[in-house]
Engineer: 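One structure, pasted below without further comment.
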Amino acid sequence: MSTPAFLPHVERMAGYVPGEQPKDAGTIIKLNTNENPYPPSPSVGKAIAQALGDGRLRLYPDPAATNVREAVARRHGQGVTPEMVLVGNGSDDCLTIVTRAFVGPGDVLSYPTPSYILYRTLAEIQGARAVEVPFRADWTIDPAAFAADRPRLALLANPNSPSGTMLPPSAVGEIARRLDCPLVVDEAYADFAGEDCIGLVSELPNVIVTRTLSKGLSLAGLRVGYLIARPEVIAGLNKVKDSYNCDTLSLLGAEAALDDEAYTRSIRDRVIATRSRMIAAVRALGYEVPESRGNFIWCAGGPPAESVYEALKERRILVRLMRYPGRPPGLRITVGTDEQADRLLSALGEIVAGR
Ligand code: PMP
């Protein structure tokens, strides 16, 4: 069926295609969408089970997600208060809310490239002009180039995907000072990075930080993310979000996970140790792998990504083949358990040796 003529705007959109979620995920080694290989905190299941038994699902959820906002403030400190937090249905929802709030038709939305592919779609939905600012060869950004087109909104994934690289908070602050629009620092992977830009929110009024429970807290299936900004920004964004954007079970699970920082740290340390091992081994096979601060590694410049992707898939190992205009394709590989990493590395070794 063709798109009706009264939707020309949608017809022009490329749309966003998320990473593959295979039906037989239990029998393959799934390293393609940066999920955490470890289970979430056991307290999440307990909180959800209790709510299922006590009849709470009859009622609407708390539209203000009060308990989760308080848990976020407890978790981060750094001057964060519940009035500085908005909770979303995944951080993608937070990014959508911000774009809806700040960008209209014809406005410029700037973001670096190569980065998170959803950013272009967010611009397209608003009928905005996407301005893609190339990273420098060392994955840093020229703040002047980022501000050059006078954007109405700027997005920056930090750590970045697919590179895994990270700009220090001082460099992000420099970018924010150059802009006369909000800068969203998308910290989906910051739980693996050891530092973040949350402190900048108190320093600079235009900085907005988004976080997710999908990666570091192992809750991609629960769909919870949050945004940290000045209270007056949050008040504005609250007008734009759906009233009940997060359901009761997700809010309870999120609160439990956010409060179990000891568990989060323990799985983070395991992912980081496996990440170091994977980087060294994949570099030894001839790939250029930037130092990653996320739960994935970016493999470019080595044996051809397409054929290696296919050969891995034949061995039931799924990674992400990523294509960006003007660059050869690369492989983005999620950090799995040690056993998954061993299977991946031995398969990669065989594939590269057999070429
Ligand atoms: N930002 C970046 C850079 C991501 O890679 C992802 C995961 N696809 C997200 C945000 C969104 O994650 P979620 O909606 O699961 O919170």
Side-chain angles (χ1 to χ4, degrees), residues 15-21 30-37 40 44 65 68 72 85-100 109-123 125 130 132 135 139 141 153-167 172 183-193 196-197 208-228 241-242 245-247 250-251 253-254 257-258 264 271 290 292-298 318-322 324 330-335:
Y16 176 71
V17 183
E20 215 176 320
Q21 300 298 342
K30 187 176 180 306
L31 303 175
N32 69 329
T33 51
N34 298 345
E35 286 131 334
N36 197 308
V44 173
V68 174
V72 168
V85 181
L86 176 145
V87 182
N89 194 307
S91 57
D92 281 350
D93 185 33
C94 298
L95 296 170
T96 303
I97 291 166
V98 175
T99 323
R100 270 202 221 146
L109 191 162
S110 296
Y111 54 88
T113 186
S115 189
Y116 188 24
I117 293 165
L118 180 73
Y119 299 157
R120 167 171 285 277
T121 307
L122 293 174
I125 293 169
E132 302 192 336
F135 274 107
W139 297 100
I141 284 176
L153 180 69
L155 306 173
L156 173 70
N158 199 45
N160 185 50
S161 168
S163 59
T165 52
M166 184 175 189
L167 301 177
V172 175
L183 170 67
V184 176
V185 189
D186 173 350
E187 294 196 338
Y189 299 103
D191 287 313
F192 306 100
D196 60 48
C197 291
I208 297 174
V209 171
T210 57
R211 304 280 293 227
T212 183
L213 277 68
S214 299
K215 317 291 181 182
L217 281 71
S218 200
L219 284 169
L222 204 66
R223 309 304 305 133
V224 184
Y226 52 93
L227 176 155
I228 301 172
K241 87 169 185 72
D242 293 343
N245 61 335
C246 297
D247 64 83
S250 301
L251 293 175
L258 288 163
T264 304
V271 168
S292 172
R293 308 285 291 275
N295 66 333
F296 56 89
I297 64 171
W298 176 235
L318 190 60
V319 301
R320 186 89 175 254
L321 176 67
M322 307 206 74
Y324 289 95
L331 299 173
R332 196 194 66 186
I333 307 180
T334 304
V335 176

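Atoms within each ligand, like the ligands themselves, are counted from 1 in listed order.
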Engineer: Starting from atom 5 (O) of ligand 1, find the nearest protein heavy-atom neighbour and note its residue, name and distance.
Structural biologist: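 For this ligand atom, the closest protein heavy atom is Tyr189 OH, 2.7 Å.
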
Engineer: Ignoring hydrogens, what is the shortest heavy-atom contact between Pro112 and Ile141? Give both atom names and the distance.
Structural biologist: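 Residues Pro112 and Ile141, closest heavy atoms: CG-CD1, 3.6 Å.
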
Engineer: Output the distance between atom OG1 (Thr212) and atom CG (Asp186), rounded to the nearest 0.5 Å.
Structural biologist: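 Spacing of OG1 (Thr212) from CG (Asp186) equals 9.0 Å.
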
Engineer: Starting from atom 15 (O) of ligand 1, what is the nearest protein heavy atom, named by residue and atom, and what distance separates them?
Structural biologist: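 For atom 15 (O) of ligand 1, the nearest protein heavy atom comes out as Ser214 OG, 2.6 Å.
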
Engineer: Mind checking whether Tyr324 and Ile117 have side chains closer than 4.5 Å, heavy atoms only?
Structural biologist: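 Sidechains of Ile117 and Tyr324: in contact.
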
Engineer: Nearest protein heavy-atom contact for atom 8 (N) of ligand 1: which residue, which atom, what distance?
Structural biologist: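 Its nearest protein heavy-atom neighbour is Tyr116 OH, 3.3 Å.
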
Engineer: Any heavy-atom pair between the side chains of Asn34 and Tyr189 that's under 4.5 Å?
Structural biologist: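 With C-beta onward as the side chain, the pair touches.
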
Engineer: Among all protein heavy atoms in this structure, tell me which lies nearest to atom 7 (C) of ligand 1, with the distance rounded to 0.1 Å.
Structural biologist: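 Scanning the protein heavy atoms, the shortest distance from atom 7 (C) of ligand 1 goes to Lys215 NZ, 3.2 Å.
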
Engineer: May I ask you to identify the nearest protein heavy atom to atom 11 (C) of ligand 1, giving residue, atom name and distance to one decimal place in Å?
Structural biologist: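 Atom 11 (C) of ligand 1 sits closest to the protein heavy atom Asp92 OD1, 3.0 Å.
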
Engineer: Among protein heavy atoms, which lies nearest atom 12 (O) of ligand 1, and at what distance?
Structural biologist: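 Protein heavy atom with the smallest distance to atom 12 (O) of ligand 1: Ser91 OG, 3.4 Å.
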
Engineer: Distance to 0.1 Å, residue and atom name: give those for the protein heavy atom nearest to atom 1 (N) of ligand 1.
Structural biologist: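 Protein heavy atom with the smallest distance to atom 1 (N) of ligand 1: Asp186 OD2, 2.6 Å.
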
Engineer: Starting from atom 14 (O) of ligand 1, what is the nearest protein heavy atom, named by residue and atom, and what distance separates them?
Structural biologist: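 Of the protein heavy atoms, Arg223 NH2, 2.8 Å lies nearest.
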
Engineer: What are the atoms of ligand 1, with element, lying closer than 4.0 Å to any heavy atom of Gly90?
Structural biologist: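 Answer for ligand 1: 14 (O), 16 (O).
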
Engineer: Would you mind running through ligand 1 and noting each atom that sits below 4.0 Å from a heavy atom of Ala188?
Structural biologist: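 Near Ala188, the atoms of ligand 1 are 1 (N), 2 (C), 10 (C).
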
Engineer: Between the main-chain N or O of Asn245 and the side-chain N or O of Asn89, is there a donor-acceptor pair closer than 3.5 Å?
Structural biologist: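 The answer is yes, because a donor-acceptor pair under 3.5 Å joins these two groups.
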
Engineer: Closest heavy-atom contact between Pro40 and Leu219?
Structural biologist: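 Shortest heavy-atom separation between Pro40 and Leu219 comes out as CB-CD2, 3.6 Å.
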
Engineer: Could you tell me the separation between the CG atom of Asn158 and the OG1 atom of Thr165, rounded to the nearest 0.5 Å?
Structural biologist: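 OG1 of Thr165 is found 8.0 Å from CG of Asn158.
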
